[in-house]
K.L.:
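If you scroll down you'll find the structure; I have some questions about it.
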Protein chains: 2
Amino acid sequence: MMKQGVNVMPDRNCRGRPWLHGKFKGCGYRLTMGREAILGVLSKHAGHLSAEDIYMKVHPGHPNVGLTTIYRTLDVLSNLGLVYKLDFGEGRARYELAQGPKGAHHHHHLVCTGCNKIIDYTDFIDEEVELLKETERGLSRKYDFNITNHIIQFYGLCEKCKGKK
Amino acid sequence: MMKQGVNVMPDRNCRGRPWLHGKFKGCGYRLTMGREAILGVLSKHAGHLSAEDIYMKVHPGHPNVGLTTIYRTLDVLSNLGLVYKLDFGEGRARYELAQGPKGAHHHHHLVCTGCNKIIDYTDFIDEEVELLKETERGLSRKYDFNITNHIIQFYGLCEKCKGKK
DNA sequence: CTGTTATTGGAAACCATTTTCATTATAAAA
DNA sequence: TTTTATAATGAAAATGGTTTCCAATAACAG
Ligand SMILES: [Mn+2]
Ligand SMILES: [Mn+2]
Ligand SMILES: [Zn+2]
Ligand SMILES: [Zn+2]
């Protein structure tokens, strides 16, 4: 019912997510109502949302935004590097903001194969980062590869699921 | 047109893949023609085969084995831990023998996002294994998780693809 | 061999994601 | 503000890997 229009005021009013606006405009993308709604959902809720999760959260306030637009927008965001597309082997992709407004950073995942619970972890990241850099350097040299990205996921059973047989 | 029947001789004759036979029988699975053919393809060709890849390799010798059986058998093998089901983000699963007959071991993957080339690497695995163990121990304790598995993949451009703009 | 039942092939179903295309809305120009 | 070019959209249909169904078949214990 309100705040559905594009923000018409000058740039200094872009508190909240200035970079998103900038990226969009700067790359020739139009900042639409649907896209703003999707960005809103992504920044409001902690990550790991599926396209349909996002659709269902956007829908109440924007019943005219279709699932197709969710997919298309996530694709754009993903290509812009603003969103990570994640695969936890469930047969559907999940998405999370590359950097939360309050500065969430790169992290890896712990996935429970029992209940699909997903834990973000940044612990041990110091040692990991060190070895990762070393490994990437070695692999790049050895295989003449230009490494841009990596996936590290640990699978197992969470404290609840490890009890059940 | 030969060796299509189940091996009727006693167990010492199971040269080649004794464990596979043993696992199958031991778990109550029947060792069928189709399953043997699939195992044959998996052990003959280096990993990273899709279900359809396998189907096409099995088909000439066994035109009566359907794609459905390929999927079902891969599922069984995967649950028995004899085969790894891999996902390189192509929208289809790929499979590789957990342990090749000549003793191929656990390894990680380097994936080219340009041409989908996949490189197995075991280099640097000493340091990786060390850190992995340490990380797993820490994560297990901190999150009360029972870690059974991990995925580590590096993405980038291979020497051929990094040239193209 | 025979009987039990795990396994099979083929067709249909499934289901997340993509494509198509006519319509609409954004943002720049006038 | 009005006009204009075209990026973006929604709905429906298509796609494509994987699963499910089910009647027919084959593995193998006895
Ligand atoms: Mn996360
Ligand atoms: Mn491999
Ligand atoms: Zn769990
Ligand atoms: Zn390549």
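Any value given below was found using the heavy atoms of this structure, including those in side chains, with hydrogens, waters and symmetry copies removed. To find a chain, count down the sequence lines: A is the first, B the second, and so on, and within it residues start at 1.
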K.L.:
May I ask you to test the B/H109-B/E96 pair for a side-chain heavy-atom distance under 4.5 Å?
P.N.:
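Yes, their side chains come closer than 4.5 Å.
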K.L.:
To the nearest Å, give me how far apart CG (B/D75) and P (D/dT19) are.
P.N.:
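Taking CG of B/D75 and P of D/dT19, I get 6 Å after rounding.
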K.L.:
Take atom CD of A/E159 as the centre, draw a 6.0 Å sphere, and report whether it contains more than 12 heavy atoms from other residues, nucleotides or ligands.
P.N.:
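Atom CD in A/E159 is packed in, count exceeds 12.
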K.L.:
Could you state the CG-P distance from A/N79 to C/dT18, rounded to the nearest angstrom?
P.N.:
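Whole-Å distance recorded here is 11 Å.
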K.L.:
Any chance you could measure B/R72, atom CZ, to B/R35, atom CZ, to the nearest 0.5 Å?
P.N.:
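The CZ atom of B/R35 is 9.0 Å from CZ of B/R72, to the nearest 0.5 Å.
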K.L.:
Return the 5'-most residue of the pair B/A51, A/L67 with respect to DNA chain D, ranking by each residue's nearest nucleotide.
P.N.:
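Here A/L67 is the residue nearer the 5' end.
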K.L.:
To the nearest 0.5 Å, what is the distance between CD (B/E90) and OG1 (B/T113)?
P.N.:
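Separation between the atoms: 12.0 Å.
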K.L.:
Between C/dA16 atom P and A/M56 atom CE, what is the distance in whole Å?
P.N.:
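A/M56 atom CE is separated from C/dA16 atom P by 11 Å.
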K.L.:
Each residue besides B/I118 in its hydrophobic cluster should be listed here, by chain and number; the cluster joins Ile, Leu, Val, Met, Phe, Trp and Tyr at side-chain heavy-atom distances under 4.5 Å.
P.N.:
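Members besides B/I118, by chain and number: A/Y84, A/L86, A/F88, A/V111, A/I118, A/I151, A/Y155, B/Y84, B/L86, B/F88, B/V111, B/I151, B/Y155.
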K.L.:
Looking at DNA chain C, which of residues 87-95 of chain A put a heavy atom within less than 4.0 Å of it?
P.N.:
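Output list: A/G91, A/R92, A/A93.
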K.L.:
Expressed in angstrom and rounded to an integer, what is the separation of B/Y55 atom OH from D/dT18 atom C1'?
P.N.:
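Spelled out: OH on B/Y55 to C1' on D/dT18 is 15 Å.
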K.L.:
Going through the distances and angles, do A/V41 and A/D53 end up as a side-chain contact (heavy atoms from CB on, under 4.5 Å)?
P.N.:
CA-CA 10 Å; A/V41 167; A/D53 287 341; over 6 Å; no
K.L.:
Calculate the interatomic distance between B/Y71 atom OH and D/dC21 atom P; express it in whole Å.
P.N.:
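Atom-to-atom, B/Y71 to D/dC21, this comes out as 18 Å.
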K.L.:
Following the transitive rule for hydrophobic clusters with a side-chain heavy-atom cut-off under 4.5 Å over Ile, Leu, Val, Met, Phe, Trp and Tyr, establish whether B/F145 and A/L157 coincide in one cluster.
P.N.:
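In one cluster: no.
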K.L.:
Please give, in whole Å, the distance from C/dA16 P to A/K85 NZ?
P.N.:
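Interatomic distance, NZ of A/K85 to P of C/dA16: 14 Å.
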K.L.:
Do A/L132 and A/I152 touch side chain to side chain, with heavy atoms closer than 4.5 Å?
P.N.:
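In short, these two side chains touch, coming nearer than 4.5 Å.
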K.L.:
Taking CG from B/L86 and P from D/dT18, how many angstroms apart are they, rounded to a whole number?
P.N.:
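My rounded result for the distance is 12 Å.
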K.L.:
Starting from P on D/dA8, measure out to CG on A/L39 and report it in whole angstrom.
P.N.:
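Whole-Å distance recorded here is 13 Å.
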K.L.:
So, taking the atom named NE2 in B/H108 and the one named OG1 in B/T122, what distance separates them when rounded to the nearest 0.5 Å?
P.N.:
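Atom-to-atom, B/H108:NE2 and B/T122:OG1 are 10.5 Å apart.
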K.L.:
Generate the contact string for nucleotides 3-8 of chain C. Rules: B means base contact, S means sugar-phosphate contact only, - means no protein heavy atom under 4.0 Å.
P.N.:
--BBSB
